[in-house]
Amino acid sequence: MRVDVWLWAVRLFKSRSVSAAACRAGRVRINGKPAKPASQVAVGDRVTWRDALRGRDVEVVELVPKRVGAPLAVKAYLDHSEPLPTRVEREAVGVRDRGTGRPTKRERREIDRLRGRRR
C-alpha cells in the first residue's frame, strides 16, 4: 500500500495531497529511509516524520485501503511519538518582541535548539 494513502486513511494527515507533499519534501521516512509518496508500506514498518510540534513515529499494525473513522484509524497503528509539549513549553519557545524583524542565523539556530530540532 502507498505510504501517502495510508497516512491519509488513518487520519495522520488532513488530506492525501498534504501527505504526498510531505513525502516529496523528504520529511517522511519508512524504517529510516526517505519515502516517496508511492513508496510501499507493510505491516510492521515504522513511519516517521516531523510534525509542527513534535517528531512523530508510528508503527503500521493494519493496512487500511480507504479513509476510516477515528476509532478504527487509531487501531491501525501504534504511536511511539514523543509526548506533546505543554502549553507553557510551547509559549516559552520562539517568542520574539514585535517589530524586531527576522531572526539572525545565530538566533534561528538557538530557536531550533530550544525546539529540539537538529540543525
Side-chain angles (χ1 to χ4, degrees):
M1 173 170 220
R2 290 174 57 116
V3 67
D4 63 336
V5 174
W6 185 81
L7 288 169
W8 166 74
V10 296
R11 298 178 172 269
L12 294 171
F13 281 88
K14 188 172 183 175
S15 70
R16 184 171 168 202
S17 60
V18 173
S19 67
C23 292
R24 278 193 300 276
R27 290 193 295 263
V28 177
R29 295 180 169 271
I30 299 174
N31 297 326
K33 298 177 185 170
K36 294 182 179 180
S39 297
Q40 296 296 311
V41 68
V43 174
D45 286 347
R46 295 284 287 252
V47 182
T48 58
W49 71 95
R50 181 83 192 158
D51 203 345
L53 298 175
R54 62 183 171 157
R56 298 296 307 263
D57 181 9
V58 296
E59 181 180 345
V60 179
V61 174
E62 182 182 346
L63 298 177
V64 182
K66 292 189 176 187
R67 193 164 172 96
V68 294
L72 294 175
V74 173
K75 296 177 184 177
Y77 62 89
L78 291 175
D79 197 355
H80 301 287
S81 304
E82 54 196 53
L84 275 170
T86 63
R87 176 170 285 195
V88 175
E89 292 172 340
R90 285 187 300 219
E91 290 174 355
V93 177
V95 176
R96 293 180 53 81
D97 293 331
R98 186 172 176 89
T100 58
R102 293 176 57 179
T104 63
K105 189 172 187 176
R106 181 179 184 182
E107 291 170 338
R108 270 197 325 269
R109 287 180 178 160
E110 291 173 359
I111 291 168
D112 286 343
R113 195 173 314 112
L114 284 172
R115 290 183 176 168
R117 295 183 184 156
R118 290 177 265 142
R119 280 199 181 187

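The figures here come from the full heavy-atom set of this structure, side chains too, leaving out hydrogens, waters and symmetry mates.
Atom CG of L12 sits about 8.5 Å away from atom OG of S81, to the nearest 0.5 Å. Interatomic distance, L72 CG to K66 NZ, rounded to the nearest 0.5 Å: 14.5 Å. In this structure, M1 CE and L7 CG are separated by 10.0 Å, a value rounded to the nearest 0.5 Å. In this structure, CZ in R2 is found 9.0 Å from SG in C23, a value given to the nearest 0.5 Å. D57 contributes atom CG, which lies 10.5 Å from atom CG of L78 (distance to the nearest 0.5 angstrom).
Here the side chains of Y77 and V47 are not in contact, with every heavy-atom distance at 4.5 Å or above. Residues L63 and V41 are in side-chain contact: their nearest non-hydrogen atoms beyond the backbone lie under 4.5 Å apart. A 4.5 Å side-chain heavy-atom check between R56 and E82 finds every atom pair outside the cut-off.
Of all heavy-atom pairs spanning A76 and V10, the tightest one is CB-CG1, 3.5 Å. Between V61 and V43, the shortest heavy-atom contact is O-CG1, 3.5 Å.
Outside the 6.0 Å centre-distance limit, the rings of F13 and W6 are not counted as a close aromatic pair.
With hydrogens and angles disregarded, no donor-acceptor distance shorter than 3.5 Å links the side chain of R16 to the backbone of D4. Proximity of a side-chain donor or acceptor of R46 to a complementary backbone N or O of G32 within less than 3.5 Å is not detected.
Applying the side-chain hydrogen bond (donor to acceptor under 3.5 Å, both in side chains) test to residues at least two apart or on different chains, the pairs with a partner in residues 23-43 are N31-D45.
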